[in-house]
2 protein chains.
Amino acid sequence: MAARTPSVTRRARRPARPRGRRAAAKAATRERITAAALHLFASKGFDATTTRAIAVRARVAEGTVFNYFATKEDIALHFFEQEVDSAIAAVRRNARLRKAPLEEKLFALIQSQIEYLTPYENFIGAAFVQALRPSSTLAFSLRAFALRARYLAFVQELIQESLPRHGANAMAWAAPQAFWIYYLGMLLYWLHDQSPGKQNTLAFLDRSLALGVRMLRKGTLG
Amino acid sequence: MAARTPSVTRRARRPARPRGRRAAAKAATRERITAAALHLFASKGFDATTTRAIAVRARVAEGTVFNYFATKEDIALHFFEQEVDSAIAAVRRNARLRKAPLEEKLFALIQSQIEYLTPYENFIGAAFVQALRPSSTLAFSLRAFALRARYLAFVQELIQESLPRHGANAMAWAAPQAFWIYYLGMLLYWLHDQSPGKQNTLAFLDRSLALGVRMLRKGTLG
DNA sequence: GAGTAAATATGAGTACACTCACGTTAGTTA
DNA sequence: TAACTAACGTGAGTGTACTCATATTTACTC
């Protein structure tokens with residue numbers, strides 16, 4: 001073999017075109033698909049939106065959709081990732097909350113999520129609850145797991161902030177898990193709440209959080 | 001038109017064959033379908049069971065399945081009807097419970113349901129949670145509504161038995177609804193509970209019911 | 001440029017839940 | 001018995017989410 005003699009200025013690794021052209025195209029395609037899906041989900045609901053319609057609107061072939069997302073549910077997950085991140089950011093950003101009691105922070109967190117979800121209520125009812133099925137690939141996907149972990153870590157963070165000396169609290173370890181179930185129940189309640197402005201949900205939220213936090217402070221369930 | 005002259009002994013209404021031959025056949029077909037479905041659901045899970053397989057096992061055409069049940073989920077509902085009725089009957093039958101505190105009755109109710117569901121855990125995870133979707137035809141079907149109503153009426157009955165003087169209790173009206181959400185959350189928890197013998201679920205049940213009933217007695221959430 | 005391998009896009013194909021137009025049969029009347 | 005009607009059964013057909021073998025494009029080397 002001839003020794004590798006770099007030719008001229010050794011620019012080999014970088015051809016004329018910009019490096020990330022492929023990555024950029026990929027990201028753009030992904031974005032077109034999620035945007036198309038979100039638009040259709042919001043206007044027609046989850047079930048009435050076909051993957052074919054998503055593909056057409058995103059200007060890709062049907063198969064391409066499944067190169068980016070394993071299932072139709074999985075496309076919806078992208079939406080929830082945005083939703084959770086947005087809610088966490090909103091609570092972090094709110095200076096007034098910083099020294100507020102725990103129940104107010106949690107209330108703000110959930111209310112922020114609900115606000116984000118409101119325009120998409122149709123599709124959430126179908127997609128989100130679907131994801132709770134143990135048989136759902138989504139329920140056990142790494143992405144979904146990571147998302148829940150991120151959310152619960154933030155909740156844990158809020159708890160620690162407010163109850164710093166209660167690390168050994170009998171309930172502390174269970175609190176995030178309990179909060180997760182509570183949150184799911186809350187969403188179900190919200191989805192079915194027919195009261196004007198979903199008042200019932202907000203009222204129940206308010207009272208149940210106050211109670212839950214009181215329990216946490218006392219450090220016991222019974 | 002000729003006047004209606006009953007011929008001979010007026011046995012007209014009843015031809016030779018027994019009256020309910022058709023109804024009996026119908027009931028038998030329905031039973032074959034539910035039995036086939038239940039067997040397949042339990043052994044292969046809800047999703048892996050095709051309606052075609054159910055039809056084959058029940059020895060009917062595929063279309064026939066849908067003459068009896070609107071959807072695959074709907075077949076599963078039949079199972080939950082049995083489950084709820086069985087649990088209610090078990091609590092009613094148990095003499096020892098009659099004068100027990102409310103939380104014991106509710107514990108017995110849910111435990112009885114869980115026992116019934118245990119062999120079918122696979123399929124419940126898929127079918128039951130599916131039914132929670134607002135878009136699900138099942139969720140708003142009359143049958144499902146009636147089933148929930150029957151279940152909650154029984155819960156209400158247990159509450160009234162134990163807290164007779166608390167009719168005007170601020171929480172009394174909300175208690176069954178709250179119990180419903182609690183029950184759903186419980187089931188989700190149970191489905192995901194990996195602890196041996198589902199101990200975590202039972203322990204959580206025990207403590208949370210005690211707490212809930214105490215709240216009910218005091219008549220306030222906060 | 002030409003050559004290449006890997007990444008990405010494609011759309012016909014598959015399996016499924018569910019529909020529907022039609023055939024078959026039980027129940028009734030004459 | 002024969003004829004009629006409504007209930008019931010049937011299976012080919014439909015629309016859908018998802019797969020996969022193949023075609024196309026990109027990034028890179030010489």
Side-chain angles (χ1 to χ4, degrees), chain A residues 1-8 10-30 32-33 37 40 44 46-56 58-76 126-127 130 136-138, chain B residues 1-8 10-30 32-33 37 40 44 46-56 58-76 126-127 130 136-138:
Chain A
M1 294 188 206
R4 288 183 64 197
T5 33
S7 61
V8 203
R10 188 68 173 109
R11 289 214 339 273
R13 277 276 145 70
R14 297 253 174 131
R17 312 302 293 261
R19 178 82 212 295
R21 192 166 122 203
R22 196 165 192 155
K26 198 175 174 182
T29 301
R30 193 186 173 88
R32 282 211 312 284
I33 293 173
L40 292 167
K44 314 174 67 166
F46 184 78
D47 289 337
T49 298
T50 65
T51 52
R52 171 146 175 65
I54 294 172
V56 167
R59 298 192 309 283
V60 295
E62 280 193 72
T64 302
V65 172
F66 293 95
N67 288 341
Y68 285 84
F69 300 95
T71 66
K72 192 173 145 186
E73 288 176 28
D74 208 31
I75 307 178
Q130 178 103 331
S136 159
T137 54
L138 181 53
Chain B
M1 294 187 208
R4 289 181 64 195
T5 34
S7 61
V8 203
R10 190 64 174 112
R11 287 213 342 270
R13 278 275 146 71
R14 299 252 174 131
R17 312 302 292 262
R19 177 84 211 295
R21 192 166 121 201
R22 196 166 192 154
K26 199 174 173 181
T29 301
R30 194 187 173 86
R32 281 211 313 283
I33 293 173
L40 292 167
K44 313 174 69 167
F46 183 78
D47 289 337
T49 298
T50 65
T51 52
R52 172 147 174 62
I54 293 172
V56 167
R59 298 191 309 282
V60 295
E62 280 194 69
T64 301
V65 172
F66 293 94
N67 288 342
Y68 285 85
F69 300 94
T71 65
K72 191 173 147 184
E73 287 177 28
D74 208 31
I75 306 177
Q130 177 104 330
S136 158
T137 55
L138 181 54

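Labels below follow one simple rule: chain letters A, B, ... track the order of the sequence lines, proteins then strands, and each chain is numbered from 1. Please read these numbers as outputs of a predicted model, since none were measured by experiment.
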**Message:** Using a 4.0 Å heavy-atom cut-off, does B/V60 contact any base of the nucleic acid, only the sugar-phosphate backbone, or nothing at all?
**Reply:**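 Touches sugar-phosphate only.
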Looking at [X], does any N or O in its side chain come under 4.0 Å of the phosphate oxygens OP1/OP2 on [N]?
| X | N | answer |
| --- | --- | --- |
| B/T51 | C/dA17 | yes |
| A/Y68 | C/dT8 | no |
| B/T29 | D/dG9 | yes |

Please report, rounded to the nearest Å, how far the [atom2] atom of [N] is from the [atom1] atom of [X].
| X | N | atom1 | atom2 | value |
| --- | --- | --- | --- | --- |
| A/E62 | D/dC20 | CD | P | 16 Å |
| B/R52 | C/dC18 | CZ | C1' | 14 Å |
| B/E73 | C/dC18 | CD | P | 7 Å |
| A/L40 | D/dT16 | CG | C1' | 15 Å |
| A/D47 | C/dC18 | CG | C1' | 14 Å |
| B/I75 | C/dC18 | CD1 | C1' | 11 Å |
| B/D74 | C/dA17 | CG | C1' | 13 Å |
| B/R59 | D/dT10 | CZ | C1' | 16 Å |

Can you tabulate the close N/O pairs, meaning under 3.5 Å, that link protein atoms to atoms of nucleotides 20-22 of chain C?
none

**Request:** Mind checking the CZ-CD1 spacing from A/F46 to A/I75? Nearest 0.5 Å is all I need.
**Result:**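 Here the interatomic distance stands at 7.5 Å.
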**Prompt:** Going from CD1 on B/I54 to OH on B/Y68, what distance comes out if it is rounded to the nearest 0.5 angstrom?
**Reply:**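 B/I54 atom CD1 to B/Y68 atom OH measures 15.0 Å (nearest 0.5 Å).
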**Fill in**
Nucleotide by nucleotide, nucleotides 1-7 of chain C touches protein heavy atoms under 4.0 Å in the pattern (B base, S sugar-phosphate only, - none) -----BB
**Item:** Side chain proximity check, A/R32 to A/T29, heavy atoms < 4.5 angstrom
**Value:**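 The answer is yes; the side chains approach within 4.5 Å.
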**Message:** Ignoring hydrogens, what is the shortest heavy-atom contact between A/K72 and A/D47? Give both atom names and the distance.
**Reply:**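 Smallest interatomic distance, heavy atoms only, reads NZ-O, 3.6 Å.
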**Prompt:** Which atoms form the tightest heavy-atom contact between B/F66 and B/T71, and what is the distance?
**Reply:**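 Heavy atoms of B/F66 and B/T71 come nearest at CE2-CA, 4.3 Å.
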**Request:** Identify, with sequence neighbours excluded, every residue that meets side chain to side chain contact (heavy atoms under 4.5 Å, CB included) alongside A/A55.
**Result:**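 In terms of side chain to side chain contact (heavy atoms under 4.5 Å, CB included), with neighbours along the sequence ignored, A/A55 is linked to A/V60, A/E62, A/V65.
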**Prompt:** With sequence neighbours excluded, what pairs up with B/A53 under the side chain to side chain contact (heavy atoms under 4.5 Å, CB included) test?
**Reply:**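 With sequence neighbours excluded, B/A53 shows a side chain to side chain contact (heavy atoms under 4.5 Å, CB included) to B/L40, B/T50, given in chain and number order.
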